[in-house]
Amino acid sequence: MPTTPSLPATDVVLIGAGIMSATLGLMLKELDPTLTITIFERLDVAAAESSDAWNNAGTGHSAFCELNYTPERPDGSIDISKALKIAEQFEQSKQFWAFLTEKYDVKEIQRFINYIPHMSFVMGRENVEFLRKRHAALTESALFKGMKFSDDRAEIESWMPLVMDGRDPAQTVAATRMDLGTDVNFGSLTRGMFYLLQEKPGVTMHFHHEVEKLHHNADGSWRIKTQNLETDQDVETQAKFVFIGAGGGSLPLLEKSHIPEAAGYGGFPVSGQWLRCVNPAVIARHNAKVYGKASVGSPPMSVPHLDTRMIDGEKQLLFGPYAGFSTKFLKTGSYFDLPASIQFGNVKPMIMAGLKNLSLTKYLIQQVRQSPDDRVAALREYLPEAQAQDWELAIAGQRVQVIKKDKKQGGVLEFGTEVVTAADGTIAALLGASPGASTAVSIMLNLVQKCFPEQSATPEWQAKFREMVPTLGHKLADEPELVNKTRTRTSTILGLVTPEELGV
Ligand SMILES: Cc1cc2nc3c(=O)[nH]c(=O)nc-3n(C[C@H](O)[C@H](O)[C@H](O)COP(=O)(O)OP(=O)(O)OC[C@H]3O[C@@H](n4cnc5c(N)ncnc54)[C@H](O)[C@@H]3O)c2cc1C
């Protein structure tokens with residue numbers, strides 16, 4: 001039998017060329033420039049799945065406008081703990097990006113981020129009260145300084161004219177506005193980061209290479225079998241550490257690792273669609289990311305939003321996402337992905353999670369059955385005067401929501417991200433998609449500290465962590481001066497106007 005050709009052994013293998021692998025790869029190379037890193041990507045370019053600009057909403061998630069991050073407690077008060085965490089995580093991301101921008105003069109990662117006001121918009125008396133309380137609770141923290149609330153129709157009209165044009169004057173409405181919100185082109189950022197990574201000694205990138213098998217060797221290292229999709233040839237490599245950053249493709253690979261920590265995980269794919277505006281006059285009249293409130297029974301990722309985007313220097317406008325159902329785990333995946341992921345160990349959690357989430361199933365069926373007229377009707381709730389001919393349907397990225405074992409309920413469906421790590425720290429996988437790319441830096445800082453505990457504790461790595469993310473170890477919500485100082489610094493380096501210039 002012919003032997004499988006081998007690539008040189010490496011310290012680190014990164015599976016998938018999305019924002020997560022890019023962030024981890026650069027971070028590790030900064031921490032230890034001698035590390036060798038091999039990257040395998042099944043497509044012919046980096047960031048072509050969820051991280052691509054047209055596949056996600058590009059919201060720099062800071063909890064400024066996302067109402068699902070601030071749930072109302074049964075006593076009517078607002079729980080802002082998740083919002084504080086996400087706002088702080090996004091500040092860490094900006095610090096890492098500022099570090100890269102300052103250190104490397106790379107045009108590929110310039111202008112990937114822009115200030116776009118983040119607004120929440122609600123209709124109906126109950127929702128207006130919720131928004132008022134949310135605003136009062138959030139603005140007690142320095143992280144939300146400058147957020148404005150308004151229930152004055154004229155003021156709201158000046159913030160979002162398209163949303164107010166033609167709106168029923170009898171309808172009660174309110175909005176909040178945060179000028180420090182951002183739009184991020186995660187696709188160009190990711191490609192820029194891989195450009196930097198590839199330039200470094202000891203880094204090799206293989207496109208058209210799909211990882212098929214993972215084998216844990218007796219000495220703790222990993223054998224990775226990959227198929228070259230251009231030649232159909234299999235190749236093998238050995239690595240001391242593997243990161244499965246394959247987006248929707250992470251779950252099947254985690255299952256193939258056979259680590260005990262993978263047992264019981266399943267995935268539920270949810271696809272998305274946008275309406276993309278094709279009328280430049282309409283695009284020009286909107287300048288905000290406006291997030292509404294999810295309808296009852298719908299999953300948090302389907303919160304309707306009207307997004308101004310800056311993609312490749314051009315202003316764009318998207319509305320959505322409309323949820324859908326497909327058994328594919330990747331946009332470019334296979335319809336067998338979902339059935340193939342069902343195993344003896346996760347079938348019970350998957351059934352139990354399915355039974356507990358019948359409202360989600362109902363919601364997805366209703367979304368899938370939507371006609372073009374239904375979609376325009378949903379758009380008109382936010383843009384009463386929208387014209388069907390100004391909008392075309394576009395397919396967004398695929399998300400795979402995490403299902404995991406739960407002692408009490410048998411199985412639960414999660415809407416966040418989950419890092420699964422082997423006890424010996426030699427392999428880690430990232431599952432789930434929310435809040436996603438915005439929090440990549442904080443996710444990877446935690447992953448590095450967990451998988452490289454000894455090196456992370458050394459003074460050299462500690463100093464480097466602080467160079468990359470100066471506020472690490474601080475709780476920004478408790479340090480108003482540090483929030484201002486940090487935001488001013490990152491804004492200046494990233495080419496944004498400063499908070500002072502914005503009057504915040
Ligand atoms: C509709 C939608 C809207 C979103 N909106 C936002 C938002 O507004 N803000 C935000 O911060 N986040 C958002 N997200 C989430 C964000 O896009 C993701 O969290 C992030 O892009 C995930 O990055 P990743 O690197 O894990 O995966 P990906 O970018 O999907 O990269 C994974 C890569 O792995 C490759 N791959 C898969 N299997 C294999 C294999 N076996 N071998 C080799 N390569 C493989 C894929 O081809 C792909 O290139 C959104 C996501 C979606 C779908």
Side-chain angles (χ1 to χ4, degrees), residues 13-25 39-62 65-66 86 89-90 93 118 181-187 189-191 193-194 205-214 224-229 243-254 256 269-274 289 291 301-303 305 307 309 318 320-324 328-334 337 394-401 415-417 419 429-441 443-444:
V13 156
L14 304 174
I15 307 176
I19 185 120
M20 298 296 170
S21 290
T23 306
L24 179 61
I39 303 141
F40 293 113
E41 167 55 53
R42 64 191 286 274
L43 302 176
D44 59 353
V45 64
E49 281 281 345
S50 290
S51 301
D52 182 72
W54 287 109
N55 287 343
N56 64 63
T59 304
H61 286 304
S62 306
C65 56
E66 307 86 339
I86 291 170
Q89 286 177 324
F90 191 63
S93 288
H118 280 195
T182 49
D183 176 70
V184 183
N185 184 334
F186 291 110
L189 172 63
T190 304
R191 284 185 277 274
M193 285 164 88
F194 276 115
M205 212 161 165
H206 299 274
F207 289 106
H208 283 303
H209 277 65
E210 181 162 304
V211 175
E212 293 188 323
K213 281 189 186 154
L214 297 158
I224 301 106
K225 192 172 155 205
T226 304
Q227 190 185 27
N228 180 331
L229 301 175
F243 172 61
I244 308 177
S250 289
L251 176 69
L253 288 170
L254 179 64
K256 285 174 188 167
V270 178
S271 55
Q273 296 171 334
W274 313 112
K289 283 177 180 282
Y291 274 59
M301 82 295 240
S302 65
V303 171
H305 42 97
D307 282 305
R309 307 288 317 271
L318 293 181
Y322 299 90
K328 288 183 184 183
F329 278 180
L330 292 164
K331 198 169 169 177
T332 58
S334 149
D337 287 344
I395 308 298
Q398 189 78 354
R399 296 184 211 237
V400 180
Q401 305 303 145
F415 291 103
T417 28
V419 176
L430 187 117
L431 305 177
S434 185
S438 301
T439 53
V441 171
I443 293 172
M444 290 308 145

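Just follow the structure's listing: the first ligand is 1, and inside any ligand the first atom is 1. All values reported here derive from a predicted model rather than from experimental measurement. These numbers come from the heavy atoms of this one structure, side chains and all, not from hydrogens, waters or symmetry mates.
- Residue contacts with ligand 1: F186 is placed with no nitrogen or oxygen under 3.5 Å of a nitrogen or oxygen of the ligand (distance criterion only).
- Closest to atom 23 (O) of ligand 1 among all protein heavy atoms lies S51 OG, 3.3 Å.
- Nearest non-hydrogen protein atom to atom 27 (O) of ligand 1 is G247 CA, 3.5 Å.
- A heavy-atom distance below 4.5 Å is found between the side chains of V270 and Q401.
- Heavy-atom separations between P321 and ligand 1 are all 4.0 Å or longer.
- Among all protein heavy atoms, the one lying closest to atom 15 (C) of ligand 1 is A433 O, 3.2 Å.
- On a distance-only criterion, S21 and ligand 1 share no N/O pair closer than 3.5 Å.
- Residues W54 and L318 meet the side-chain proximity criterion, which asks for heavy atoms closer than 4.5 Å.
- Taking CZ from R191 and CG from D52, the interatomic distance works out to 5.5 Å, rounded to the nearest 0.5 Å.
- Here A396 has side-chain heavy atoms under 4.0 Å from ligand 1, and that is the only part of it that gets that close.
- Relative to atom 38 (N) of ligand 1, the option among S62, A246, G18 with the closest non-hydrogen atom is A246.
- When heavy-atom distances to ligand 1 are checked against a 4.0 Å cut-off, H61 comes that close only through its side chain, counted from C-beta outward.
- Between W274 and ligand 1, no N or O atom pair is found at a separation short of 3.5 Å.
- The structure places CH2 of W274 at 9.0 Å from CG of N55, a figure rounded to the nearest 0.5 Å.
- Under the side-chain contact (heavy atoms from CB on, under 4.5 Å) rule, E210 has a single partner from T226, I15, L229, which is L229.
- Nearest protein heavy-atom contact of atom 33 (C) of ligand 1 is E41 OE1, 3.5 Å.
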Start with the C-alpha gap between I244 and L214, add the side-chain angles, then the distance that decides, and say whether side-chain contact (heavy atoms from CB on, under 4.5 Å) holds.
-> CA-CA 10 Å; I244 308 177; L214 297 158; 3.9 Å; yes
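- Heavy atoms of L330 found under 4.0 angstrom from ligand 1 belong exclusively to the side chain.
- Ligand 1 has no atom lying under 4.0 Å from any heavy atom of A47.
- Atom 50 (C) of ligand 1 has N56 CB, 3.4 Å as its closest protein atom, hydrogens excluded (heavy atom only).
- Residue contact check: L43 has heavy atoms under 4.0 Å from atoms 47 (O) of ligand 1.
- Protein heavy atom closest to atom 16 (C) of ligand 1, with residue, atom name and distance, is A437 N, 3.8 Å.
- Protein heavy atom nearest atom 3 (C) of ligand 1, with residue, atom name and distance: R399 NH2, 3.2 Å.
- At a heavy-atom cutoff of 4.0 Å, ligand 1 is contacted by the backbone of N55 but not by its side chain.
- No N or O atom of I15 sits closer than 3.5 Å to an N or O atom of ligand 1.
- Here the shortest heavy-atom pairing between I86 and H61 reads CG2-O, 3.4 Å.
- A pairwise comparison of heavy atoms in K331 and G397 identifies CD-CA, 4.3 Å as the closest pair.
- Among the atoms of I19, some N or O lies under 3.5 angstrom from an N or O of ligand 1.
- Counting only heavy atoms from C-beta outward, the side chains of S250 and F329 never approach each other to under 4.5 Å.
- For a threshold of 3.5 Å applied to N or O pairs, the pair formed by G249 and ligand 1 contains no separation below that value.
- Judged purely by distance below 3.5 Å, without hydrogens or angles, the side chains of E49 and T332 pair a donor atom with an acceptor atom.
- Polar contact with ligand 1: present for G58 (N/O pair, distance under 3.5 Å).
- In this structure, S438 has a heavy atom closer than 4.0 Å to ligand 1.
- Residue contacts with ligand 1, taken as heavy atom pairs separated by less than 4.0 Å, do not involve P252 at all.
- For H209, every heavy-atom contact with ligand 1 shorter than 4.0 Å involves the backbone, none the side chain.
- The shortest distance between side-chain heavy atoms of M444 and F243 falls below 4.5 Å.
- Salt bridge annotation for K328-D337: absent, with no cationic side-chain nitrogen under 4.0 angstrom from a carboxylate oxygen.
- In summary, the atoms of ligand 1 found under 4.0 Å from a heavy atom of M20, numbered by their order in the structure, are 23 (O), 24 (P), 25 (O), 26 (O).
- Taking 4.5 Å as the limit, some side-chain heavy atom of L430 sits within range of a side-chain heavy atom of T417.
- Scanning all protein heavy atoms for the shortest distance to atom 45 (C) of ligand 1 gives R42 CD, 3.6 Å.
- At a heavy-atom cutoff of 4.0 Å, ligand 1 is contacted by the side chain of L253 but not by its backbone.
- Of the candidates H206, H208, Q227, F40 forms a side-chain contact (heavy atoms from CB on, under 4.5 Å) with just one, namely H206.
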